[in-house]
There are 2 protein chains.
Amino acid sequence: MSLQHALLGVLEARPMSGYDLVRFFDGSTGWIWAAPQSQIYPMLRRMEQAGLIAGDEEARGPRLTRTVYSVTEKGHRELAVWLGTAHDAAPPRDPFMVQALNFDTIPAEEAMKVLDAFIAEQEKAAAEAEAHRDRLLRKETALLRERLTRRDPAEHDRIARLKAHVFDGIAAVARVRVEWAREGQRLLGE
Amino acid sequence: MSLQHALLGVLEARPMSGYDLVRFFDGSTGWIWAAPQSQIYPMLRRMEQAGLIAGDEEARGPRLTRTVYSVTEKGHRELAVWLGTAHDAAPPRDPFMVQALNFDTIPAEEAMKVLDAFIAEQEKAAAEAEAHRDRLLRKETALLRERLTRRDPAEHDRIARLKAHVFDGIAAVARVRVEWAREGQRLLGE
DNA sequence: AGTGTCATGTAATTTGTTACATGATTGA
DNA sequence: TCAATCATGTAACAAATTACATGACACT
């Protein structure tokens, strides 16, 4: 369900091709939701059939075309309803926590190394989220700028601050996890 | 992959039947990993075929039996290797973050209500994790006690503290999310 | 006799992962 | 002409969700 809404969310900023969306949800850019190419193309066709988005064929050279999808009125309503509804939390499923819960059964040095890797990863995630938050506050990201062209200028600051706040939260959680992991290393050393 | 290791982790504390494991990974108890019954029974058979666990048929009345699974030497090694290896982080996939990222597109009062529900849920999660942490520190949980019977008494305190620390981390993250959501409500009101 | 818990499964579907496959266009 | 990027797909598989299904046993 959520991939659908994540796609609607970015297509509301700007109509995009499947290829654009693949890059957006792949790897580094997709900090909020990740999805491989093999999931995106079929989903776009399903969403078009359901009338949530409309595809527009654009010529890119004599033989190559791309299909640019935009959100329909129906898609817009569907997204608005989903956004305004409180959903049950996703069931917890974090492989790293399964690991941490069993650190007492392996040698302390091994657990230390796994925690080192975890700390490095979380610190990187925090730094990236903070950098993105700052870019959003300065309205420097391409997608936010395009989004703002469709919105009342009086609201631009508020919108940027709300978007930035999401990445602020991601960073805050990552920082807490780093502190937690450091405390875990202290406990392992005992 | 992780369900397998989560199952091995709890079976190392104590041999259990499929039914026991279903209750453990279902709903309230499964704070770390959740899995429905329809996933657990087939997985147990797959793991038995792979030689990671061994099933022992126990009579429970004249016609009813249960199969109690315990971790084999091979399963123990498999778990130890997995625990000692740093794995890539799971791709981010949090439906709530998709929601939060688009709060600027719906009326502020609606977003407020969704955040209210989120705050209530995270506060509950934090309280439960803290309560469980405290029970672990006092060695009051049945599973920890059984686990400790197989371990060196000199290590009991360290093991309890390491397990408790995992739930401490879960609680800390939930508390940060609550603070983040409150700040989000302040931003929405602007 | 009936409710609740113990105990174990299957079937259908959706979602996500990994890998393979093809061709056009752009710019060095 | 070669590499990088643009552009779109398929196939096979693994993981997870929802729903259905059955029967034994314990207690009241």
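What you see is a predicted model, and the numbers here were worked out from it, not measured in a lab. Quick note on labels: first sequence line is chain A, next is B, and so on, each numbered from 1.
For the pair B/S17 and B/R66, the tightest heavy-atom approach, listed with the atom from each and the gap, is CB-CD, 3.9 Å. Minimum heavy-atom separation, A/A35 to A/L3: CB-CD1, 3.8 Å.
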Apply side-chain hydrogen bond (donor to acceptor under 3.5 Å, both in side chains) to A/N102 and A/T105, showing your working.
CA-CA 6 Å; A/N102 291 284; A/T105 68; 5.1 Å; no
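With the nearest nucleotide of DNA chain C identified for both A/M1 and B/D20, B/D20 has the one nearer the 5' end. Of the two residues contacting DNA chain C, namely B/Q39 and A/P36, the nearest-nucleotide position lying further toward the 5' end is that of B/Q39.
A/Q4 places its CD atom 8 Å from the P atom of C/dT15, with the value rounded to the nearest Å. C/dT14 atom C1' lies 13 Å from atom CZ of B/R93, rounded to whole Å. Rounded to an integer number of Å, the gap from A/H5 NE2 to C/dT15 C1' is 15 Å. In this structure, A/L7 places its CG atom 11 Å from P of C/dG16, rounding to the nearest Å. One can place CG of B/D26 at 16 Å from P of C/dA7, the figure rounded to the nearest angstrom. Here the P atom of nucleotide C/dT10 and the CD1 atom of B/I40 are 15 Å apart, to the nearest Å. Counting to the nearest Å, the C1' atom of C/dA24 and the CZ atom of A/R66 are 14 Å from each other. Separating the CG atom of B/L44 from the P atom of C/dT10 is a distance of 12 Å, rounded to the nearest angstrom.
Follow the hydrophobic side-chain contacts under 4.5 Å out from B/I40 and you reach B/Y69 in the same cluster.
In this structure, B/R186 CZ and B/L115 CG are separated by 11.5 Å, a value rounded to the nearest 0.5 Å. Note that CG of B/L52 and CD of B/Q4 are 5.5 Å apart. Values are rounded to the nearest 0.5 Å.
Ring pair B/F118/B/W180 is perpendicular by interplanar angle, where above 60° counts as perpendicular and below 30° as parallel. Taking the six-membered ring where tryptophan is involved, the planes of B/H5 and B/W82 are essentially parallel, since the angle between them stays under 30° and well short of 60°.
Regarding contacts with the backbone of C/dC6, a side-chain N or O of B/R23 is found under 4.0 angstrom from either OP1 or OP2.
Think of the region where chain A sits on DNA chain D: with heavy atoms and a 4.0 Å cut, that region ends 5' and 3' at D/dT5 to D/dT17.
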Polar-atom pairs under 3.5 Å, protein N or O versus N or O of nucleotides 25-28 of chain C: list them with distances, or write none.
unit_1, atom_1, unit_2, atom_2, d
C/dT25, OP1, A/P62, N, 2.9
C/dT25, OP1, A/R63, N, 2.7
C/dT25, OP1, A/L64, N, 3.2

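Within 6.0 Å of the CZ atom in B/R46, the count of heavy atoms belonging to other residues, nucleotides or ligands does not exceed 12.
Base contact: A/S38 has a heavy atom under 4.0 Å from a base atom.
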